[in-house]
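Everything on this sheet refers to the single structure shown next.
Remember, predicted model here, so these are calculated numbers, not experimental data.
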Amino acid sequence: MSFDDLLRHRPGEVRMVTSGANEIVKALRSLRLKKYRNESNLFIAEGARTLIEALELGHQPKAIAYLGASQDEPHVKRIIDAVKAAGGLCLEVNEEVLNKISERENPQTVVGVFEQRWGHLQSLQVDKQILVLEDIRDPGNLGTILRTCDGFGVTQVVLAGNCTDPYGIEAVRASMGSLFSIRLVAAEAAQLFDWLKNYQGEIVGTALQSAKDIRTTNWQQPHIIVMGNEQKGLSEDLRKCCTQLIKIPMRGRADSFNLAVATAITLYLAGSEA
């Protein structure tokens, strides 16, 4: 049975679910696996704050599951009312079922099922700042970077090559709702290289090889910032696409920062110097 079949309902319907063996609960749990997220083009986000952020940014849940005891809390009630008004499915569940869906201790009181949104390279606004991430593998890093982008007003992120899934539960959690404010683009390496050849602004990559101090960087607008894999950094091919290669100077024994920290420093300096 497809997700559409499982989520089929009367507009605004509320169903009470008390068993973790329920087919819809099983379907929601399956969204923790990339295979089923890809098949359904859906993902799960948790927490009233995150869901309200999604609603305010125009992302309407196809379904929500909420703890029955929390339904009168102002934030949860607001979400339930919004989903009912939009014709979505509301599942009133007990703590056992919510634990099954979240697979974590002390789960949030509400979770939502959303459609994934992907853009394409040609849809990017090239007159505004763009962040490119190459082969990012850690979902916590990716989610934190998306939250950082949101904080600095960077709304366009390209995931190049073999990146971790931004719609995986760990990345979504780490983004703290900022995922919903970012235009995400997934691009194969060859696609990205062809697109960068025609880009008219600065392409600034972080790399130790032949790199200059980030504090001397020319942050002309528009520009693209390129960050590489946690262990390997930028690939040689992507380094060749850059018009500037920069590094963050280190004073201690450590020779590099965590990727999310390095990205935050770079975005901060790019925004303050531009």
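Comment: Lys100 does not engage Glu96 in a salt bridge, judged by the lack of any side-chain N to carboxylate O separation of less than 4.0 angstrom. Between Asp81 and Arg78 there is no salt bridge, since no side-chain N of the basic residue sits under 4.0 Å from a carboxylate O of the acidic one. Using a 4.0 Å cut-off between charged side-chain N and carboxylate O, Lys232 and Asp135 make no salt bridge. A salt bridge is absent between Glu170 and Arg173; no separation between the charged side-chain nitrogens and carboxylate oxygens falls under 4.0 Å.
You'll find the side chain of Leu42 stays beyond 4.5 Å of the side chain of Gln116, heavy atoms only. The shortest distance between side-chain heavy atoms of Asp213 and Lys247 does not fall below 4.5 Å. You'll find the side chain of Leu238 reaches within 4.5 Å of the side chain of Glu134, heavy atoms only. The shortest distance between side-chain heavy atoms of Trp195 and Val185 does not fall below 4.5 Å. Between Asn218 and Gln244, some side-chain heavy-atom pair lies under the 4.5 Å cut-off. With contacts defined as side-chain heavy-atom distances shorter than 4.5 Å, the pair Tyr66/Glu92 qualifies. Side-chain atoms of Val97 and Asn22, non-hydrogen and from C-beta on, never get closer than 4.5 Å to each other. For the pair Leu269 and Thr217, the minimum side-chain heavy-atom distance is 4.5 Å or more.
From Thr164, atom OG1 reaches atom CD of Glu230 across 9.0 Å, with rounding to the nearest 0.5 Å. The distance from the CD atom of Gln156 to the CD1 atom of Ile182 is 9.5 Å, given to the nearest 0.5 Å. Note that CD1 of Ile224 is 4.5 Å distant from CD1 of Ile130, once rounded to the nearest 0.5 Å. The structure places CG of Leu179 at 5.0 Å from CZ of Phe43, a figure rounded to the nearest 0.5 Å. A distance of 3.5 Å separates OG1 of Thr206 from CE of Met227, quoted to the nearest 0.5 Å. Between atom CD of residue Glu188 and atom CZ of residue Phe193 there is a gap of 10.5 Å, rounded to the nearest 0.5 Å.
Using cut-offs of 30° and 60° for the angle between ring planes, the Trp118 and Tyr167 rings count as perpendicular.
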- [ ] Assess whether side chain to side chain contact (heavy atoms under 4.5 Å, CB included) is satisfied between Phe257 and Ile248, documenting all intermediate values.
- [x] CA-CA 9 Å; Phe257 286 112; Ile248 301 171; 3.5 Å; yes
Task: Pair Asn141-Leu133, side chain to side chain contact (heavy atoms under 4.5 Å, CB included): steps then yes or no - done: CA-CA 11 Å; Asn141 272 341; Leu133 302 172; over 6 Å; no
Task: Test side chain to side chain contact (heavy atoms under 4.5 Å, CB included) applied to Leu121 and Gln191, step by step - done: CA-CA 9 Å; Leu121 289 171; Gln191 284 180 303; 4.3 Å; yes
- [ ] Would you check, one step at a time, whether the test side chain to side chain contact (heavy atoms under 4.5 Å, CB included) holds for Ile136 with Leu259?
- [x] CA-CA 9 Å; Ile136 305 306; Leu259 177 64; 3.1 Å; yes
TODO: Could you walk me through whether Glu53 and Arg49 pass the salt bridge (charged side-chain N to carboxylate O under 4.0 Å, His left out) test, one step at a time?
DONE: CA-CA 6 Å; Glu53 183 79 3; Arg49 176 183 171 183; over 6 Å; no
TODO: Take Arg37 and Asp165 through the test salt bridge (charged side-chain N to carboxylate O under 4.0 Å, His left out) and record every step on the way to the result.
DONE: CA-CA 10 Å; Arg37 291 196 299 272; Asp165 185 1; 2.9 Å; yes
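Open room surrounds CD on Gln200; 12 or fewer heavy atoms of other groups in view lie less than 6.0 Å from it. Shown here is His75, whose NE2 atom has no more than 12 heavy atoms of other residues, nucleotides or ligands within 6.0 Å. When the shell of 6.0 Å around CD of Glu56 is examined, it contains more than 12 heavy atoms from other residues, nucleotides or ligands.
One hydrophobic cluster, built from ILVMFWY side chains closer than 4.5 Å, cannot hold both Leu91 and Met16; they sit in different ones.
Checked by atom type and distance alone, the side chain of Thr266 pairs as donor or acceptor with a backbone atom of Ala262 at under 3.5 Å. Between the side chain of Ser175 and the backbone N or O of Arg147 there is no donor-acceptor pair closer than 3.5 Å. Panel note: side chain Arg15, backbone Val93; no donor-acceptor pair is recorded below 3.5 Å. In this structure a side-chain-to-backbone donor-acceptor pair under 3.5 Å is present from Arg239 to Leu234.
Ala260 and Ile145 get closest at one heavy-atom pair: CA-CG1, 3.8 Å. Annotation for Ser102 and Val111: closest pair OG-CG1, 4.0 Å, computed over non-hydrogen atoms. For the residue pair Met176 and Thr50, the shortest heavy atom distance occurs at C-OG1, 4.1 Å. For the pair Gly112 and Ile64, the tightest heavy-atom approach, listed with the atom from each and the gap, is CA-CG2, 4.1 Å. Closest non-hydrogen pair, Leu31 versus Ser40, comes out as CD2-OG, 3.4 Å. Of all heavy-atom pairs between Ala270 and His223, the closest is CB-NE2, 3.9 Å.
Among Val17, Val25, Val113, Ile24, the single residue meeting the side-chain contact (heavy atoms from CB on, under 4.5 Å) criterion with Ile101 is Val25.
Between Asp150 and Ser181, the side chains place a donor N or O and an acceptor N or O closer than 3.5 Å (distance only, hydrogens not considered).
Here His59 and Phe114 keep their ring centres 6.0 angstrom or further from each other.
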